[in-house]
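This report concerns only the one structure given below.
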2 protein chains.
Amino acid sequence: MKTLKQMDRGALSDALDHAGQRTTPQREMVFSILLDERNHPTADEVYTRTKSRMPTISMATVYNCLEALVTCGLVKQVNIEREPTRYCPNLSPHAHFHCRETGRVYDVPVPEGMMKDLVKVLPGNYSADSVELVFRGHLEKGKTK
Amino acid sequence: MKTLKQMDRGALSDALDHAGQRTTPQREMVFSILLDERNHPTADEVYTRTKSRMPTISMATVYNCLEALVTCGLVKQVNIEREPTRYCPNLSPHAHFHCRETGRVYDVPVPEGMMKDLVKVLPGNYSADSVELVFRGHLEKGKTK
DNA sequence: AATTTGATTTAGAATAATTCTAAACTATAT
DNA sequence: ATATAGTTTAGAATTATTCTAAATCAAATT
Ligand SMILES: [Mn+2]
Ligand SMILES: [Mn+2]
Ligand SMILES: [Zn+2]
Ligand SMILES: [Zn+2]
């Protein structure tokens, strides 16, 4: 995909607007990069990919754009162990699987309502606004994805 | 608790031995510190507490000891967002709750078998050896623990 | 007991992801 | 046109952690 689909462009403007932030070419490009290949890239990977299409962009700007996208709710940060933060534009409730062999991170769809049900294990005085479920292991050979 | 209980001392020696590592005063002290106050301290906090009872210990040694304890399976690392790694000597399956207000991390007991059941959401070609469940939110006033 | 061996501890340097700073740039509002 | 405020940018700073190399220690062997 060379550019942002009209739908995504609209969602981006709306979300940024709602958070009092401007829509800029850099933010559009970074968002487009994230949507284009959803393999939980690190900031550095986003930088490399973005730079190939917008050679003047800086690392600082990539971090700034990613932060803007996270702030306005279009992207989630995924932290696994002490590795660099990864970025995920998948907004539906899902878990993550981290393969020890390849280091790759995969989205794992979960049954409807499961993430919300998990908070039921919390004692009454705990109130959670986010639930994070991460598996670690390996992918059997055969399917690589 | 001034020193390691006999039970814990034995578990420590056995576990270190099994991993081909020696039992040292520093490792015993660090382990004792972790067991004594189970509030998921960071390496830095462990360093401070340990230093008060063993003034010559160094930060490098604290990291080394913590790594030894993790390697031999007596302690788990807990990573939350980009914060410094925390250390948890609770070996029973449990979840974690991270309070946004205080920054503190709490153990959340889960029903028997729940952590193991969670892996059932994984497609057949995924095989997980660890499951991590983290909630984020806040503790209602009243009980602070 | 003295010596060898290898693991451990230690101080300090190095690393690396991220954040910060301040100047240049851009877009919008007046 | 000018002012204002947000954004981008390069590079410096930060910081948790790892690495390095020398000193220490403890077990094993002579
Ligand atoms: Mn991995
Ligand atoms: Mn917090
Ligand atoms: Zn994801
Ligand atoms: Zn814990």
Side-chain angles (χ1 to χ4, degrees), chain A residues 12-13 15-33 40-51 53-72 74-88 103 105, chain B residues 12-13 15-33 40-51 53-72 74-88 103 105:
Chain A
L12 176 61
S13 292
L16 284 170
D17 237 51
H18 189 267
Q21 304 202 279
R22 295 181 186 168
T23 303
T24 68
Q26 289 88 347
R27 286 170 181 172
E28 287 186 342
M29 184 59 79
V30 166
F31 189 41
S32 152
I33 291 291
H40 305 87
T42 62
D44 207 63
E45 288 158 358
V46 172
Y47 176 57
T48 302
R49 291 188 208 167
T50 308
K51 207 165 173 65
R53 300 217 248 141
M54 188 180 263
T56 59
I57 201 168
S58 69
M59 189 74 222
T61 299
V62 168
Y63 272 106
N64 288 344
C65 291
L66 289 169
E67 190 192 19
L69 295 172
V70 169
T71 297
C72 76
L74 292 177
V75 170
K76 293 268 183 304
Q77 293 182 313
V78 180
N79 287 291
I80 302 222
E81 323 237 300
R82 295 253 92 214
E83 293 178 9
T85 297
R86 295 158 178 277
Y87 295 86
C88 174
V105 173
Chain B
L12 176 60
S13 293
L16 285 171
D17 236 52
H18 190 267
Q21 303 203 282
R22 296 182 185 167
T23 303
T24 68
Q26 288 87 347
R27 286 171 181 170
E28 288 186 342
M29 184 60 78
V30 166
F31 189 41
S32 151
I33 292 291
H40 303 89
T42 62
D44 208 62
E45 288 157 357
V46 172
Y47 177 57
T48 302
R49 291 187 208 168
T50 308
K51 208 165 171 62
R53 298 216 250 142
M54 188 181 261
T56 60
I57 201 167
S58 70
M59 189 72 222
T61 298
V62 168
Y63 271 106
N64 289 343
C65 290
L66 289 169
E67 189 192 17
L69 295 172
V70 169
T71 297
C72 76
L74 291 177
V75 169
K76 294 266 182 306
Q77 292 182 314
V78 180
N79 286 291
I80 301 223
E81 323 237 301
R82 297 254 91 212
E83 293 179 8
T85 297
R86 294 160 179 275
Y87 295 86
C88 173
V105 173

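Keep in mind it's a predicted model, so treat the numbers as computed, not measured. Within every chain, numbering begins at 1; the chains are lettered A, B, ... in the order of the sequence lines, protein sequences first and strands thereafter.
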Just the rounded figure in Å: distance from C1' of dT10(C) to CE of Met54(B). 13 Å

Minimum heavy-atom separation for Met59(A) to Tyr47(A), with atom names? N-CE1, 3.4 Å

Heavy-atom closest contact (Arg86(B) atom, Gly103(B) atom, distance): NH2-O, 3.2 Å

Roughly how many Å is it from CG in Asp17(B) to P in dA7(C), rounded to a whole number? 14 Å

The answer to which of Met59(B) and Arg82(B) contacts DNA chain C further toward the 5' end, by nearest nucleotide, is Met59(B)

Under 3.5 Å donor-acceptor pairs involving side-chain atoms of residues 23-30 of chain A, not counting sequence neighbours:
residue	atom	partner	partner atom	Å
Thr23(A)	OG1	Ser13(A)	OG	3.4
Thr24(A)	OG1	Arg27(A)	N	3.1
Arg27(A)	NH1	Arg22(A)	O	2.7
Glu28(A)	OE1	Arg9(A)	NH1	3.1
Glu28(A)	OE2	Arg9(A)	NH1	3.0

Closest to the Arg22(A) side chain, choosing from dT10(C), dT26(C), dT18(C): dT26(C)

If each of Gln26(A) and Tyr63(B) is mapped to the nucleotide of DNA chain D with the nearest heavy atom, which maps nearer the 5' terminus, i.e. the 5' end? Gln26(A)

Do you know which of Thr71(A), Val70(A), Leu69(A) makes side chain to side chain contact (heavy atoms under 4.5 Å, CB included) with Glu67(A)? Thr71(A)

Specify the residue among Ile57(A) and Pro84(B) whose closest nucleotide of DNA chain D lies further upstream toward the 5′ end. Ile57(A)

Determine: side-chain N/O of Thr61(B) to OP1/OP2 of dT10(C), distance under 4.0 Å, yes or no. yes

Between Glu83(A) (CD) and dT15(C) (C1'), how many Å, whole number? 16 Å

Give the rounded distance in Å between these two atoms: CG of Asp44(A) and C1' of dA16(C). 10 Å

How many whole angstroms separate atom CD of Gln21(A) from atom P of dT28(C)? 15 Å

Listed by chain and number, what are the side-chain contact (heavy atoms from CB on, under 4.5 Å) partners of Ala15(B), not counting sequence neighbours? Cys72(B), Leu74(B)

In whole angstroms, the gap separating C1' of dA17(C) from CD of Glu45(A) amounts to 13 Å

Under 4.0 Å, heavy atoms only, any strand: does Thr42(B) hit a base, just the sugar-phosphate, or nothing? nothing

Rounded to the nearest 0.5 Å, what separation is found between the CD1 atom of Ile33(B) and the CD1 atom of Ile57(B)? 9.0 Å

Segment of DNA chain D, first to last nucleotide, that comes within the 4.0 Å heavy-atom reach of chain B: dA16(D) to dT18(D)

Nucleotide dT9(C), atom C1' - distance to OH of Tyr47(B) in whole Å: 13 Å

With rounding to the nearest 0.5 Å, note down the distance linking SG in Cys88(B) to CD in Gln77(B). 11.5 Å

Nucleotide dA17(C), atom P - distance to CG of Asn79(A) in whole Å: 13 Å

